[in-house]
Amino acid sequence: MSARVDLRTLQRWMSFVVQHPATADIAVANRRATALVPKRTFDARGVVLGNERMTPADQLQVYNGAYLARLVEVMQGDFGAVQHVTGPQLFERLVARYLTPHPSRHPNLNQLGRQFAAFLSRQRTLAHRSFLVELATLERAMSEAFDAPEFEPMDPGELARVPAERWHAARFVANPSVELLSFRYPIDEFFQAWKDGEPRAVPRRRASWLCVYRRDDRVWRQRLQKPAHAVLAALCAGRPLGEALELAAGAGEVGEWFQGFARDGLFTAVQFRGGRRARPRSRS
């Protein structure tokens, strides 16, 4: 066998066959497969021997179906709300198509769905496409928040030690799990209803804003009004507090927003130009 097919070629062929969305007998006849291992070589049992109970194609099929099924399970776990909208059969077909340009290449399977929202945006005939893209974006943000590096939230007492005359120049460092999202649909309302077992129809467009973050080893979602979203986005971008608050001029709840951001652990440090206040050490 080794004289006819070298190990590296055999590995590439095997990888293609077990990942192929169709059955193994179709996969081994595919043009990409036969460019690596000719069909006549396979038929002559030059790469898979078979036995009295199973043909070479039957043996390959054991791995072929299991591989795709496992990756579909991973994507179902990460995008359960998307599957609820599409239905399980269409979702599986979408995942199979997604895996062709985006195969699993990372030991952490949480990375598998990184491009799924972008993939859905290119499916021109997909019903409710724009809504599904935003729903997938939320579910992906939750996975990323869970997987974000370890951090130590800023001690709320640190804020009390900032002199009043320096507040306008204070800059805050966001914890690495924070992700701010803006949607054209009420995505979080739909997602929460699904989580509560109260599924709804795909809603009409209504703008919404959200903060996704991790706290105490749990992923949280906080709905925001547009001005609060703008202030928090400015702070996370490193803009001074005075500039950030100007984005919410006229909103009476600004102080409450800011206290809530700090209380929820969205920041890890407060800094000033030309120096910084004590920053807690990361646990990583």
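Residues: numbered from 1 along the sequence shown. Predicted model, so just to flag it, every value in this text is computed and none were measured.
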Less than 4.5 Å apart, side chain to side chain, heavy atoms only: is that true for [X] and [Y]?
| X | Y | answer |
| --- | --- | --- |
| Pro240 | His168 | no |
| Trp209 | Leu232 | no |
| Leu49 | Pro56 | no |
| Arg200 | Glu189 | yes |
| Thr268 | Glu152 | no |
| Val212 | Gln222 | no |
| Val133 | Ser130 | no |
| Val47 | Met14 | no |

If we ignore hydrogens and angles and just use 3.5 Å, is the side chain of [X] paired with the main-chain N or O of [Y] as donor and acceptor?
| X | Y | answer |
| --- | --- | --- |
| Glu198 | Ala193 | no |
| Asp264 | Leu266 | no |
| Gln61 | Ala24 | yes |
| Thr9 | Val5 | no |
| Asp216 | Arg218 | no |
| Thr55 | Asp58 | yes |

Pairs satisfying salt bridge (charged side-chain N to carboxylate O under 4.0 Å, His left out), at least one member in [range], at least two apart:
| range | answer |
| --- | --- |
| residues 228-241 | Arg239-Glu243 |
| residues 29-40 | Lys39-Asp43 |
| residues 167-186 | Glu134-Arg184 |
| residues 73-85 | Arg70-Glu73 |

Aromatic plane relationship, Trp194 with Phe191 - under 30° parallel, 30 to 60° tilted, over 60° perpendicular: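 Tilted.
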Ring-plane angle category for Phe116 and Phe79, please: parallel below 30°, perpendicular beyond 60°, tilted otherwise.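 Taking Phe79 first and then Phe116, their aromatic rings sit tilted (interplane angle of 30° to 60°).
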What is the minimum heavy-atom distance between [X] and [Y], and which atoms define it?
| X | Y | value |
| --- | --- | --- |
| Leu247 | Ala230 | CD1-O, 3.6 Å |
| Pro176 | Ala148 | O-CB, 3.7 Å |
| Phe146 | Arg214 | O-NH1, 3.3 Å |

Could you grab the distance from atom [atom1] of [X] to atom [atom2] of [Y], nearest 0.5 Å is fine?
| X | Y | atom1 | atom2 | answer |
| --- | --- | --- | --- | --- |
| Glu92 | Leu71 | CD | CG | 11.0 Å |
| Ser208 | Leu181 | OG | CG | 9.0 Å |
| His84 | Lys195 | NE2 | NZ | 13.5 Å |
| Leu90 | Leu94 | CG | CG | 4.5 Å |
| Leu224 | Leu210 | CG | CG | 6.5 Å |
| Leu112 | Leu99 | CG | CG | 6.0 Å |

Can you pull the side chain to side chain donor-acceptor pair (under 3.5 Å) pairs that have at least one residue in residues 137-146, sequence neighbours excluded? Arg140-Glu144
side-chain contact (heavy atoms from CB on, under 4.5 Å) between Gln123 and Arg97: does it pass, once the steps are laid out? CA-CA 10 Å; Gln123 308 309 300; Arg97 293 207 299 270; 3.5 Å; yes
Looking just at side-chain N and O atoms, do Asp196 and Gln192 make a donor-acceptor pair shorter than 3.5 Å? yes
Using side-chain contact (heavy atoms from CB on, under 4.5 Å), reason through Gln89 and Phe91 one step at a time and then give a plain yes or no. CA-CA 5 Å; Gln89 292 183 336; Phe91 185 82; over 6 Å; no
All side chain to side chain donor-acceptor pair (under 3.5 Å) counterparts of Ser121, not counting sequence neighbours: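 If we apply the side chain to side chain donor-acceptor pair (under 3.5 Å) test to Ser121, skipping adjacent residues, there are no hits.
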Evaluate Phe172 against Gln271 for side-chain contact (heavy atoms from CB on, under 4.5 Å), listing each step before the verdict. CA-CA 6 Å; Phe172 292 84; Gln271 302 176 344; over 6 Å; no
Report, as yes or no, whether the 6.0 Å neighbourhood of atom CZ on Arg12 holds more than 12 heavy atoms from other residues, nucleotides or ligands.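 No, CZ of Arg12 has 12 or fewer neighbouring heavy atoms, counting only those of other groups under 6.0 Å.
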Counting the benzene-type ring for Trp, do Phe131 and Phe190 have ring centres under 6.0 Å apart? yes
With a 6.0 Å cut-off on ring centres, are Phe16 and Trp13 close enough?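 No - the distance between ring centres of Phe16 and Trp13 does not fall below the 6.0 Å cut-off.
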Please assess Phe267 against Asn175 for the test side-chain contact (heavy atoms from CB on, under 4.5 Å), listing each intermediate value before the final yes or no. CA-CA 5 Å; Phe267 306 124; Asn175 89 48; over 6 Å; no
